[in-house]
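Notes follow the structure.
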Amino acid sequence: TGAPVNILDYGADNTGVADSSAAIQAAILQTYAAGGGAIYCPSGEYRIDSTITFPEDYYITFYGDGSLCTRFVFYGTGNAFSAASNSSGKIRVDMRGFYLSNNTCNTNATNGIYLKNCQYESNLNDVFVDGFNKAGTQTVEGYTVYYSGVLAVFAWGLTWSNVEVRRCGNGFTLDRK
């Protein structure tokens, strides 16, 4: 699948000033069009104002320089990162090496990372999720669950390693419904 795609090449701003959502999404879609691969997020702080969505039915690695070096700050509504399939497709994603936080003034965020129908080879590694502390519950697949730092539904093949969640209404919600 070739060399990793660098989000800076798509216009992402690693100073945290400008919204990098469109640039990150463009890098993901380019990788998707190529049949999968890796997306590299260099050190820095990235502002994201809308949900970053990972398409289904291909394998992607989304990685930074470590949870102390690559930071995403979410200002949007809903989920910050969403790798979810609502059809017969499956998600295969490897997310690693970053810090994801909710902007302290943002009360519209629901979940930090939402994973649904994760297949084998899916991983969360060296990921720190912070500040997704919206009070209350949400309905997912007809079930009531708490807002979470990481919400994983039907995550049969997900491997967790060095994942830390702090100041979230519910740290992890794992559901096989």
Side-chain angles (χ1 to χ4, degrees), residues 1-86 89-106 108-119 121-132 134 148-152 155 158 163-165 168:
T1 53
V5 170
N6 186 323
I7 63 172
L8 295 179
D9 295 340
Y10 290 80
D13 171 28
N14 65 351
T15 68
V17 175
D19 178 22
S20 292
S21 304
I24 295 168
Q25 197 66 62
I28 290 169
L29 293 176
Q30 177 61 41
T31 304
Y32 175 72
I39 299 169
Y40 172 56
C41 308
S43 293
E45 183 172 303
Y46 300 91
R47 177 183 176 131
I48 50 176
D49 289 351
S50 58
T51 300
I52 303 300
T53 304
F54 297 88
E56 61 187 339
D57 290 331
Y58 82 111
Y59 186 71
I60 182 173
T61 298
F62 185 81
Y63 70 100
D65 286 325
S67 59
L68 297 176
C69 299
T70 301
R71 178 183 171 125
F72 298 97
V73 181
F74 187 59
Y75 289 79
T77 299
N79 304 312
F81 291 159
S82 179
S85 169
N86 289 316
K90 300 293 182 196
I91 298 292
R92 292 189 329 161
V93 65
D94 178 10
M95 293 183 181
R96 56 187 159 91
F98 62 85
Y99 181 101
L100 172 63
S101 68
N102 187 31
N103 175 278
T104 56
C105 297
N106 184 7
N108 297 314
T110 53
N111 303 296
I113 300 174
Y114 175 50
L115 304 166
K116 180 179 172 194
N117 286 336
C118 288
Q119 200 172 10
E121 299 176 5
S122 292
N123 303 289
L124 283 180
N125 183 14
D126 187 27
V127 173
F128 193 111
V129 181
D130 183 25
F132 290 84
K134 182 173 182 172
S148 304
V150 178
L151 172 60
L158 182 62
V163 178
E164 185 173 344
V165 178
C168 292

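Hydrogens, waters and symmetry mates are skipped; everything else that's a heavy atom, side chains included, is used. We're numbering straight along the sequence, starting at 1. Predicted model, so just to flag it, every value in this text is computed and none were measured.
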Check your understanding: Quick one: does S67's side chain have a donor or acceptor within less than 3.5 Å of a partner on F128's backbone?
Key ->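 No.
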
**Study point:** Flag, side chain of S50 to backbone of S21, donor-acceptor distance under 3.5 Å
**Key:**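 No, S50 side chain to S21 backbone: no donor-acceptor pair under 3.5 Å.
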
Review point. Can you name the residues that form a salt bridge (charged side-chain N to carboxylate O under 4.0 Å, His left out) with D65, not counting sequence neighbours?
Key: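 Not a single residue meets the salt bridge (charged side-chain N to carboxylate O under 4.0 Å, His left out) criterion with D65.
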
Check your understanding: How would you list, by chain and number, every residue that makes a salt bridge (charged side-chain N to carboxylate O under 4.0 Å, His left out) with D126, sequence neighbours excluded?
Key ->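 Salt bridge (charged side-chain N to carboxylate O under 4.0 Å, His left out) list for D126, sorted by chain: empty.
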
With sequence neighbours excluded, give me every salt bridge (Lys or Arg N to Asp or Glu O under 4.0 Å) pair touching [range].
range	answer
residues 75-85	none
residues 24-44	none
residues 5-19	none
residues 34-47	E45-R71, R47-D49

On a heavy-atom basis, which atom in [X] and which in [Y] lie closest, and how many Å separate them?
X	Y	answer
P55	L29	CG-CD2, 4.1 Å
I7	I39	CG2-CG2, 3.5 Å
P42	L8	CG-CD1, 3.6 Å
A23	G11	CB-C, 3.6 Å
A27	V5	CB-CG1, 3.8 Å

Excluding sequence neighbours, so at least two apart, what forms ring pair (Phe, Tyr, Trp, His ring centres under 6.0 Å) with [X]?
X	value
Y10	none
Y46	F72
Y75	none

**Study point:** side-chain contact (heavy atoms from CB on, under 4.5 Å) assessment of V127 paired with L100
**Key:** CA-CA 8 Å; V127 173; L100 172 63; 5.6 Å; no

[X] [atom1] to [Y] [atom2] distance, which is reported to the nearest 0.5 Å:
X	Y	atom1	atom2	answer
N102	I48	CG	CD1	9.5 Å
I60	I28	CD1	CD1	5.0 Å
I52	F74	CD1	CZ	8.5 Å
N14	S20	CG	OG	8.0 Å
T31	Y59	OG1	OH	13.0 Å

Point to revise | Set of side chain to side chain donor-acceptor pair (under 3.5 Å) partners for D130, sequence neighbours left out | key: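 Counting only residues at least two positions away or on another chain, D130 forms a side chain to side chain donor-acceptor pair (under 3.5 Å) with Y99, R166, R167.
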
Exercise for review: With sequence neighbours excluded, tell me which residues meet side chain to side chain donor-acceptor pair (under 3.5 Å) with D94.
Suggested key: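 Here the qualifying residues are R96.
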
Exercise for review: Hey, could you give me each pair passing ring-ring contact (aromatic ring centres under 6.0 Å, His included) that has a residue in residues 11-33? Not counting sequence neighbours.
Suggested key: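 Non-adjacent pairs meeting ring-ring contact (aromatic ring centres under 6.0 Å, His included): Y32-Y58.
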
Check your understanding: Do Y63 and N125 have side chains that get closer than 4.5 Å, going by heavy atoms?
Key ->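 Side chain of Y63 against side chain of N125, heavy atoms only: no contact under 4.5 Å found.
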
